[in-house]
Amino acid sequence: MIDINLIRENPEKIKKLLAKKMWEADFKELLEWDTKRKELLIQVESNKAEQNRLSKSVPLVKKSGGNVDEIFAKVKELGEKNKHSETLLIELEKKINDFLIALPNIPDEDLLGGGKENNKAIVTFGKKPDFKFTPKDHVALAESLGLIDFERGAKIAGRGSWIYTGKGAQLEWALINFFIAEHLKDGYEFILPPHLLNEESGYVAGQFPKFKEDVFWLEGIEPQRFLLPTAETALVNFHRNEILANEELPKKYFAYTPCYRREAGSYRTEERGTIRGYQFNKVEMVQYTAQEGSDAAFLEMVAKAEKLVQKLGLHYQVSKLAAGDISHSMARTYDIEVWIPSIGIYKEVSSVSNARDYQARRGMVRYRDKESGKTKFVHTLNGSGLATSRIFPALLEQHQQADGSVLIPECLQPFMGGLKVLKPIK
RNA sequence: GGAGACGUACCCAAGUGGUUGAAGGGGUCGGUCUUGAAAACCGAUAGGGGCGAGUAACCCGCCAGAGUUCAAAUCUCUGCGUCUCCGCCA
């Protein structure tokens with residue numbers, strides 16, 4: 001949620017920044033509501049003060065044997081007079097809140113406007129592999145190596161599902177274990193959250209109201225629950241309605257969960273295999289920082305995600321996303337995109353974002369500032385570290401050999417019983 | 001799934017309709033004292049709003065929401081949560 005004060009102060013500036021996200025904002029009505037709200041509030045409050053003052057005198061008047069009927073009548077009258085204004089006030093506040101909660105986060109000022117076409121690669125690591133043979137694509141490799149069973153996946157679950165089998169399951173789990181080990185080394189706390197979350201968690205994370213259709217909702221359970229689309233949703237709600245101490249910041253967490261997404265719409269042919277599905281595995285990092293600490297935390301998290309891809313020996317690039325391509329709740333996002341030879345494009349394996357105080361405002365996550373002694377909203381950041389479903393194909397394709405085998409990166413070998421090569425089974 | 005009890009501030013806790021616009025204790029922080037510490041004593045310890053700045057008076061705030069009443073922590077209803085017992089279950 002955007003701070004309404006920013007809009008009060010400089011609506012034109014906010015409007016321009018939101019336009020970079022291709023979001024057309026009109027604050028005229030909002031500001032009218034806001035002014036009206038203030039007037040009503042002052043009126044209602046002074047009425048209440050009068051009511052309170054009179055009520056307070058009742059026991060005293062009674063004690064001294066005076067007549068209280070007059071006071072009763074007066075207070076009742078004031079109360080009735082106030083009721084109407086109070087109802088109006090509540091309605092206005094709801095309107096204001098509904099308006100604010102639907103607004104996307106304000107993008108950082110240095111970002112280019114517009115969509116994907118304005119994303120900029122700012123880092124490139126490694127090179128596109130130069131194959132001296134005809135390389136296979138990841139689907140063919142996964143099948144010939146016996147790593148993933150797409151047919152049986154479709155049989156038992158339907159389109160968009162797959163099964164990791166044998167060495168494939170081991171490789172998948174090795175990736176997750178490798179990520180976990182790295183995050184622990186970096187001092188992040190390991191969290192295993194529930195996968196079924198209540199509606200409020202979706203609101204706080206900023207996924208709702210906009211993306212309510214994009215998650216899976218469960219029937220037959222109260223309160224209504226949805227399957228988390230990313231562990232971020234759970235992690236940024238961890239400290240909801242809490243006031244943290246300045247000293248405990250930054251808080252660094254990571255979680256492993258599957259991610260469940262409806263992915264409504266069509267699958268492009270380039271998104272075969274595990275590139276896009278209803279369920280994929282991801283290790284997610286989240287930080288809660290003081291306001292002045294979030295820029296450094298952002299760079300730290302980008303570097304962490306990069307380091308993981310580097311250790312896997314994969315060619316990738318880092319893209320600084322244009323304002324219109326970053327998600328609703330975020331102010332800034334860098335994507336780490338790994339090269340997938342068969343498709344000829346770089347695919348996102350990690351998205352690192354700074355939400356600044358957008359999520360914290362929704363979830364009332366604050367900290368006490370040491371200097372001023374006042375409460376401030378924390379900044380929340382999240383980044384994949386990493387999602388496996390695109391690392392897996394990139395790894396198969398980039399590390400494939402002429403004989404159809406695939407070399408396992410050194411960092412994963414300890415998690416696979418020392419296995420160095422995956423060999424075709426057919 | 002059935003039955004019951006409970007929810008007060010950082011923690012414990014008093015409070016069954018009116019000087020409670022929340023007692024008391026513990027903890028924590030600050031101060032006095034001390035060479036230093038402990039003890040003792042004094043003070044602070046609730047956020048939010050009006051108001052993105054101070055002060056004073058003000059409004060909201062006892063899990064959340066609604067209601068009864070001149071007046072609600074206190075009475076009623078609904079929701080959420082915690083605990084205990086029974087049943088079922090991996």
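To find a chain, count down the sequence lines: A is the first, B the second, and so on, and within it residues start at 1.
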Checklist entry - For atom C1', what is the distance between B:rC86 and B:rC75, given to the nearest Å? => result 32 Å
Checklist entry - Does any nucleotide pair with B:rG52 by Watson-Crick or G-U wobble geometry, both distances under 3.5 Å, and what is it? => result none
Checklist entry - Is B:rU16 paired to anything, Watson-Crick or G-U wobble with both distances less than 3.5 Å, and if yes, which nucleotide? => result none
Checklist entry - Quick one: is B:rG47 close enough that its OP1 or OP2 comes under 4.0 Å of any side-chain N or O from A:R368? => result yes
Checklist outcome for this item: Regarding the side chain of A:K48, the nearest nucleotide among B:rC59, B:rA71, B:rG47 is B:rC59
Item to check | Separation of the C1' atoms in B:rU68 and B:rG49, to the nearest angstrom | outcome: 27 Å
Next on the checklist: Partner lookup for B:rG47, please. Criteria are Watson-Crick or G-U wobble with both distances under 3.5 angstrom; report none if nothing qualifies.
Outcome noted: B:rC60
Item to check | Below 4.0 Å: OP1/OP2 of B:rA57 and any side-chain N or O of A:R53 | outcome: no
Checklist entry - Out of B:rG52, B:rG48, B:rC70, which nucleotide sits closest to the side chain of A:K76? => result B:rC70
Next on the checklist: Can you pull out every salt bridge (Lys or Arg N to Asp or Glu O under 4.0 Å) where at least one residue sits in residues 182-199 of chain A? Sequence neighbours excluded, please.
Outcome noted: A:E182-A:K185, A:E182-A:K307, A:E182-A:K311, A:D186-A:K304, A:D186-A:K307, A:E199-A:K212
Checklist entry - Which of the following nucleotides, B:rG47, B:rG18, B:rG49, is nearest to the side chain of A:F72? => result B:rG18
Next on the checklist: Once you apply a heavy-atom cut-off of 4.0 Å, does A:K38 come out as touching a base, just sugar-phosphate, or nothing?
Outcome noted: sugar-phosphate
Checklist entry - Taking the six-membered ring of A:Y278, is the NZ or CZ of A:R261 close enough (under 6.0 Å from the centre) and on axis enough (within 45°)? => result no
Checklist outcome for this item: Paired to B:rA40 by Watson-Crick or G-U wobble criteria (both distances under 3.5 Å) is B:rU32
Next on the checklist: If I pick the C1' atom on B:rU55 and the same atom on B:rG65, what distance separates them, to the nearest angstrom?
Outcome noted: 36 Å
Next on the checklist: Please check: side-chain N/O of A:T233 versus main-chain N/O of A:P229, any donor-acceptor pairing under 3.5 Å?
Outcome noted: no
Checklist entry - Does any nucleotide pair with B:rC6 by Watson-Crick or G-U wobble geometry, both distances under 3.5 Å, and what is it? => result B:rG81
Checklist entry - Is the distance from OP1 or OP2 of B:rG49 to the nearest side-chain N or O of A:R37 less than 4.0 Å? => result no
Item to check | Pair partner, B:rC89 [Watson-Crick or wobble, under 3.5 Å] | outcome: none
Next on the checklist: Just the rounded figure in Å: distance from P of B:rG49 to CG of A:N47.
Outcome noted: 22 Å
Checklist entry - Could you give the CD-to-C1' distance, from A:Q51 to B:rG18, as a whole number of Å? => result 16 Å
Next on the checklist: What's the gap between B:rC70 and B:rG81 when it is taken at their C1' atoms, as a whole Å value?
Outcome noted: 34 Å
Checklist entry - Expressed in whole Å, how much space separates the C1' atoms belonging to B:rA73 and B:rC60? => result 15 Å
Item to check | Distance between P atoms of B:rA14 and B:rA9 (Å, rounded) | outcome: 13 Å
Checklist entry - How long is the line joining NZ of A:K376 and P of B:rG48, in whole Å? => result 13 Å
Checklist entry - Does a side-chain N or O from A:R8 land closer than 4.0 Å to OP1 or OP2 of B:rG52, or not? => result yes
Checklist entry - Which part of the nucleic acid, if any, lies within reach of A:L41 when heavy atoms closer than 4.0 Å are counted: base, sugar-phosphate only, or nothing? => result sugar-phosphate
Checklist entry - Among B:rC60, B:rG52, B:rG47, which is the nearest nucleotide to the side chain of A:E9? => result B:rG52
Next on the checklist: Testing the 3.5 Å rule here: is there a donor-acceptor pair between the side chains of A:T274 and A:S389?
Outcome noted: no
Checklist outcome for this item: 5'-most contact on RNA chain B (nearest-nucleotide basis), A:A49 vs A:N10, goes to A:N10
Checklist outcome for this item: Of A:I42, A:N52, A:L78, the one forming a side-chain contact (heavy atoms from CB on, under 4.5 Å) with A:N47 is A:L78
For nucleotides 54-56 of chain B, give me every protein contact, N/O to N/O, under 3.5 Å, one pair per line with atom names.
unit_1	atom_1	unit_2	atom_2	d
B:rG54	OP1	A:K374	NZ	3.3

Checklist outcome for this item: Separation of B:rC51 atom P from A:I4 atom CD1, nearest Å, is 12 Å
Item to check | Pairwise C1' distance, B:rA90 and B:rG15 [rounded to whole Å] | outcome: 46 Å
Checklist entry - Please give, in whole Å, the distance from B:rC51 C1' to A:D3 CG? => result 13 Å
Next on the checklist: Aromatic contact between A:Y260 and A:W217, with the criterion being ring centroids under 6.0 Å apart: yes or no?
Outcome noted: no
Checklist entry - Which pairs count as salt bridge (Lys or Arg N to Asp or Glu O under 4.0 Å) when at least one residue sits in residues 19-34 of chain A, sequence neighbours excluded? => result A:R8-A:D34, A:K28-A:E32
Next on the checklist: Does B:rC59 have its OP1 or OP2 closer than 4.0 Å to a side-chain nitrogen or oxygen of A:N52?
Outcome noted: yes
Item to check | Pair A:N281-A:T388, side-chain donor/acceptor within less than 3.5 Å | outcome: no
Checklist entry - If you measure from the P atom in B:rA46 to the same atom in B:rA23, how many Å do you get, rounded? => result 10 Å
Next on the checklist: Would you say A:H379 and A:Y367 are linked by a side-chain donor-acceptor pair, where the criterion is simply a distance under 3.5 Å?
Outcome noted: no
Next on the checklist: Output the rounded distance in Å from CG (A:N97) to C1' (B:rG49).
Outcome noted: 15 Å
Checklist entry - Please give, in whole Å, the distance from B:rC10 P to A:H239 NE2? => result 16 Å
Checklist entry - Nearest to the side chain of A:E45, which nucleotide is it out of B:rG48, B:rG52, B:rG49? => result B:rG49
Checklist outcome for this item: Rounded to whole Å, CD of A:Q224 lies from C1' of B:rG79 at a distance of 15 Å
Checklist entry - In terms of the nearest nucleotide of RNA chain B, which residue is placed more toward the 5' end: A:I90 or A:R366? => result A:R366
Next on the checklist: When both hydrogen-bonding distances must be under 3.5 Å and the geometry is Watson-Crick or G-U wobble, what is B:rA66 paired with, if anything?
Outcome noted: B:rU76
Next on the checklist: I need the single residue from A:Q287, A:K252, A:H183, A:K251 that forms a side-chain hydrogen bond (donor to acceptor under 3.5 Å, both in side chains) with A:Y188. Which is it?
Outcome noted: A:Q287
